[in-house]
Amino acid sequence: MGLQRGRLCWPLLLLAAAGSGILVALYSTVELHLGPRTGARNSTSSSQAFFGPKASNSGTRKNLLCQHALSLAVQRHPRFQNLFNLSTPVLLSGDLFTQQLWDSLSQHKAPYGWQGLSHQAITSTLSLLNGSESTRLFAVSRELLPGCIRCAVVGNGGILNGSRQGQNIDAHDYVFRLNGAVIKGFENDVGTKISFYGFTVNTMKNSLISYSNVGFTSVPQGQHLRYIFIPSDIRDYMMLRSAILGVRVPEGTDKGDSPAPTGPSTATAPAPSTSPRSTTALAAPFTSIVGPRPQTYFGPDSSAGKFKLLHPDFISYLRERFLKSKLINTKFGDLYMPSTGALMLLTALHTCDQVSAYGFITSNYQKFSDHYFDRMKKPLIFYANHDLSLEATLWRDLHKAGILWLYQR
């Protein structure tokens, strides 16, 4: 379900990891103690049954309409009430940048900080994220949105193949997708709505390469869609800056890339959604422009409000409180970070009122292929840079606590 961080160097890393026991296991050998196995598909309660019927738009929002808000479940749970801090800033913007923040984050390597990264690159990027939209996930303050904010986070796990969950996913107010979010041909299983697309530049590019043969030939685009950058490296800051300015990436690994059109292009955005809480998943083709100009990623709208940047302190908070893996204390500890799916799901849990998780690892993961779009069944590999076993245990526990609803079958 996750992408390896470096496409060319991973064979060596895997050999080294396997030799030192850091490659945890392959699909057929890992034992996850995630409680009793779920039965047939119809034995699993739906997210609507779990959270209750969708609220109407009247009355006092929190007290009357969100009786099943995850914040209430957090407050009642003896373990999670000490882990969740729902006031933690999720996004980073120029308004939050200070010398004190620079000094603090300079002590930690990406994605948890800025150690070794260019001060000029960081400040020039953050200076473009000065609007109020940059500090919040939704277009307006969540307290001004009527009713409960119901979010679906869609991973790419094989459990979704044949799930027929598309309509249930699209019924949520907001839908998060990530990495190789293949839509065409799988609409009945995964839906079509996209509100937020989360990625690192590395996972985005690897997805476009690895999954082009199954239909992921472009990054999703849409008028109301927002992109969530995970700052795993300096290249994420550089790509974000270039996307907002509509210019080619000036240096580094992605030098010459044009994140957004700077002139005539074959890329076209889909028609606007009729609802501010939804966007269409169908995107323009990922095509090479004739000549030296590289591919276009994010479409013609390059306004700063279209892009979000996870706060390094938020990623650190998630690692320390929720996903503090034993891998951190190994020789590959510098590579470890929560998976893209984990970061998107935990982002939703800190911003939405109700959260449903689809396509995430469950106790019977061995029954399913790595991805829902795989043409042949492929084993799920546990790489050294993520701790999927730990993540799976967290999803199980959050589901049992009533804080999220995890799709199982």
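Heavy atoms only: backbone and side chains are in, while hydrogens, waters and symmetry mates are out. From a predicted model like this one, the values you see are computed outputs, not experimental measurements.
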pair [X]-[Y]: side-chain heavy atoms closer than 4.5 Å:
X	Y	answer
Arg226	Ser195	no
Arg319	Ile328	yes
Ser93	Leu126	no
Lys378	Ser369	yes
Phe176	Ile228	yes
Leu346	Leu323	yes
Leu309	Tyr237	yes
Tyr336	Thr330	no

Donor-acceptor contact present, side-chain [X] to main-chain [Y], <3.5 Å:
X	Y	value
Lys193	His172	yes
His77	Phe80	yes
Asp236	Val201	yes
Gln120	Ser118	no
Ser163	Leu160	yes

To the nearest 0.5 Å, what is the distance between [atom1] on [X] and [atom2] on [Y]?
X	Y	atom1	atom2	value
Ile403	Leu349	CD1	CG	8.0 Å
Leu327	Asp334	CG	CG	12.5 Å
Ser303	Leu128	OG	CG	12.0 Å
Ile361	Glu391	CD1	CD	8.5 Å
Gln354	Ile149	CD	CD1	10.0 Å
Ile230	Leu343	CD1	CG	4.5 Å

Give me the atom names and distance for the closest heavy-atom approach of [X] to [Y].
X	Y	result
Pro111	Ile315	O-CD1, 3.8 Å
Leu178	Tyr197	C-CE1, 3.7 Å
Pro220	Leu225	CB-CD1, 3.8 Å
Trp114	Pro312	NE1-CG, 3.9 Å
Leu129	Leu92	CD1-O, 3.9 Å
Val153	Ala348	CG2-CB, 3.6 Å

State whether [X] and [Y] are salt-bridged, where the test is any N-O pair (Lys NZ or Arg NE/NH1/NH2 against Asp/Glu carboxylate O) under 4.0 Å.
X	Y	result
Lys255	Glu251	no
Arg150	Asp353	no
Lys326	Asp387	no

Check whether more than 12 heavy atoms from other residues, nucleotides or ligands sit under 6.0 Å from atom CD of Gln81, and answer yes or no.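 Enclosed.
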Just checking, any donor-acceptor pair under 3.5 angstrom between side chains of [X] and [Y]?
X	Y	answer
Asn364	Thr362	yes
Tyr297	Asp257	yes
Asn168	Gln165	yes
Ser127	Ser124	no

Item to check | Residue that, paired with Asp254, satisfies side chain to side chain contact (heavy atoms under 4.5 Å, CB included) out of Met239, Met238, Arg248 | outcome: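 In the set Met239, Met238, Arg248, the residue that makes a side chain to side chain contact (heavy atoms under 4.5 Å, CB included) with Asp254 is Met239.
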query: Between Ser207 and Asn179, does a side chain to side chain donor-acceptor pair (under 3.5 Å) hold up when you go through it step by step?
result: CA-CA 6 Å; Ser207 294; Asn179 294 341; 4.7 Å; no
Please confirm whether [X] and [Y] have ring centers closer than 6.0 angstrom.
X	Y	answer
His311	Phe314	no
Tyr317	His350	yes
Tyr174	Phe138	yes

Can you tell me how the ring of Phe307 sits relative to the ring of Phe298, calling it parallel under 30°, perpendicular over 60° and tilted otherwise?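 Perpendicular.
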How are the rings of Tyr407 and Tyr358 set relative to one another: parallel (under 30°), tilted (30 to 60°) or perpendicular (over 60°)?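 Tyr407 and Tyr358: parallel rings.
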- Among Phe216, Tyr211, Phe186, find the one that has a ring pair (Phe, Tyr, Trp, His ring centres under 6.0 Å) with Tyr372.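 Exactly one candidate clears the test, Phe186.
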Show me the donor-acceptor pairs within less than 3.5 Å that the side chains of residues 82-89 make with the rest of the protein, sequence neighbours left out.
from: Asn82; atom 1: ND2; to: Pro78; atom 2: O; distance (Å): 3.1
from: Asn85; atom 1: OD1; to: Ser87; atom 2: N; distance (Å): 3.2
from: Asn85; atom 1: OD1; to: Ser87; atom 2: OG; distance (Å): 2.6
from: Asn85; atom 1: ND2; to: Thr88; atom 2: OG1; distance (Å): 3.4
from: Thr88; atom 1: OG1; to: Asn85; atom 2: O; distance (Å): 2.8

